[in-house]
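Comments concern the structure below.
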2 protein chains.
Amino acid sequence: MKRVTDSASGDLTMTQNEVLTPAMVPDVVVLRLPMYIRALTQLLESRSMVVSSHDLGTLLQMTPAQIRKDLSYFGRFGKQGKGYDVKFLRDELQQILGLDQNWPACLIGVGRLGEAIINYPGFVPEGFNVVAAFDSDASQIGRKLGGIEVISMDALTKTINEYNISIGIVAVPSVQAQPVIDELVLAGVRGILNYAPIAPVVPPDTVIRNIDPVLSLQSMTFYLMKKGVNPLIPG
Amino acid sequence: MKRVTDSASGDLTMTQNEVLTPAMVPDVVVLRLPMYIRALTQLLESRSMVVSSHDLGTLLQMTPAQIRKDLSYFGRFGKQGKGYDVKFLRDELQQILGLDQNWPACLIGVGRLGEAIINYPGFVPEGFNVVAAFDSDASQIGRKLGGIEVISMDALTKTINEYNISIGIVAVPSVQAQPVIDELVLAGVRGILNYAPIAPVVPPDTVIRNIDPVLSLQSMTFYLMKKGVNPLIPG
DNA sequence: CACTGTCTGTGACACGCTTCACAAACTTAC
DNA sequence: GTAAGTTTGTGAAGCGTGTCACAGACAGTG
């Protein structure tokens, strides 16, 4: 992956790296990019202009080598002897992930969980906007929630096309989750954030991410037991 | 995915495998065990008595070889020519993870998110009970929530010892998350489920799991863009 | 009982990711 | 300007995990 190091640019600011992403980027690397962005944003807020892979590593509990290797998949963002320009690197990574744009999303299921999701203030500043909310329960239709109105599942495809929605957030009970996911895929949604405790089946060109606290807890207990931590024996 | 199920005898009962766990089990394998348990429970509900690694694989979108290899780290649970006794295997895996016991947990932060967590009906059937809820906001103290009373952070250590709590669920704003986690660790909690969008620092003998929907979405967009899915350009 | 078909458990191999180590590039100090 | 110190980018080695392939065990059939 040779890239032109344009010389004589005395500043850390680099020329536009075209991000062509040769599709050879490991998935794990892509999963880590958002963490880098978050750390860089944090550094930016504390007025840091430049950061080394070493310092980023201590901040994120990773080895400097891994950070450098990860970034090298996308370009040459740093400068020897100095490090990375914080703002520049963050902007580059955001562009690589498409986070410099606004992603409209829809929510399916406005129960207790769905309500918490739609009111969660953490999505909007990152460029994710829930612009529509659906529910199969007729008594929920028409209810206002976080500034938007709950509408019927019948209007799913129409609404998704209208708002150009490419991300669906699934917050329905387990039994309805797979059917809802199928509907979303059929309607053209290619990214799904699933909160239901199931192992969903999606076509290969669809990206799915599962949020499953119970799974996290259930693998945690294995290590707790090994460490001699004892739970409460029932009885 | 259909399994032959009923055999005449049902004499698949196996000898007691001592589970000594030689600490050589890869972490990824432990992370998958809960998924196996969930699938087995599902099979049990649909009256399946026996399942092969092949059928489990199609159910979970995994290769049969991986399932067999994973299980082989803990013992020999299957029978050649037949498969695995569903109930037996599930019970064994639950015991390995310590899920045959009851794990008391505490919640820190009873905002919108904390409220949704404490009312989430999915924890209790899996053996996780939120037995105490804390908040630093004085106006929240004393409020009843999901059957339990919100108490002050001052009572953290005392309460954790009293109820023998080994798991802490952190649902506080980002800036307070690390301090709260430090407090939990100091109080003796060795397992932490963190909902705050940060990269927490914990001692090596502490198990931490992060629930971070924003990170999931931010890596999703990379693939959506590659597939030519276009978000809404702001403007 | 023998013979055919099925499925597990596992050593060996293959692959992908992490870590290492170093040349090259840049900074700082004098 | 020179020398010493710092940090990146990256081939190559190392390591952990997934996959393969097959011997062995069991079921089913007649």
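Reminder, nothing fancy here: chain letters follow the sequence lines and each chain counts from 1. Worth saying up front: this structure is predicted, and the values here are computed from it rather than measured. All heavy atoms count here, side chains included; hydrogens, waters and symmetry mates do not.
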Nearest-angstrom distance from the residue atom [atom1] of [X] to [atom2] of [N]:
X: A:Q80; N: D:dT7; atom1: CD; atom2: P; value: 12 Å
X: A:E92; N: D:dG9; atom1: CD; atom2: C1'; value: 16 Å
X: B:L71; N: C:dG9; atom1: CG; atom2: P; value: 7 Å
X: B:R76; N: C:dT8; atom1: CZ; atom2: P; value: 13 Å
X: A:K79; N: C:dA25; atom1: NZ; atom2: P; value: 13 Å
X: B:I67; N: C:dT8; atom1: CD1; atom2: P; value: 9 Å
X: A:L31; N: C:dG16; atom1: CG; atom2: P; value: 17 Å
X: A:L89; N: D:dG9; atom1: CG; atom2: C1'; value: 14 Å

I'd like a table of atom pairs between the protein and nucleotides 17-21 of chain D - only N or O on both sides, under 3.5 Å - with the distance next to each one.
residue : atom : partner : partner atom : Å
D:dG18  : OP1  : B:R32   : NH1          : 2.9
D:dG18  : OP1  : B:Q66   : NE2          : 3.3
D:dG18  : OP2  : B:R32   : NH2          : 2.9
D:dG18  : OP2  : B:Q66   : NE2          : 3.4
D:dG18  : O5'  : B:Q66   : NE2          : 3.1
D:dT19  : OP2  : B:T63   : OG1          : 3.1
D:dA21  : N6   : B:R68   : NH2          : 3.3

* At under 4.0 Å, does any side-chain N or O of B:S53 touch on OP1 or OP2 of C:dC7? -> no
* Report yes if at least one side-chain N or O of B:Y84 is closer than 4.0 Å to OP1 or OP2 of C:dG9; otherwise report no. => yes
Sequence neighbours excluded and cut-off under 3.5 Å, please list the side-chain donor-acceptor pairs for residues 173-180 of chain B, or say none.
residue : atom : partner : partner atom : Å
B:Q178  : OE1  : B:V201  : N            : 3.0
B:Q178  : NE2  : B:D182  : OD1          : 2.9
B:Q178  : NE2  : B:V201  : O            : 3.0

* Only counting residues at least two apart or in another chain, list the ones meeting side chain to side chain donor-acceptor pair (under 3.5 Å) with A:S219. => B:R209
* Residues in salt bridge (charged side-chain N to carboxylate O under 4.0 Å, His left out) contact with A:R190, at least two apart in sequence or another chain -> A:D205
Per-pair distances, 0.1 Å, donor-acceptor, side chain in residues 60-69 of chain B, under 3.5 Å, sequence neighbours excluded:
residue : atom : partner : partner atom : Å
B:T63   : OG1  : B:Q66   : N            : 3.3
B:R68   : NH1  : B:S53   : OG           : 3.1

* Asked: Taking atom types as modelled and ignoring hydrogens, do the side chains of A:Y195 and A:D212 form a donor-acceptor contact shorter than 3.5 angstrom?
  -> no
* ring pair (Phe, Tyr, Trp, His ring centres under 6.0 Å) partners for B:F123, two or more places apart -> B:Y120
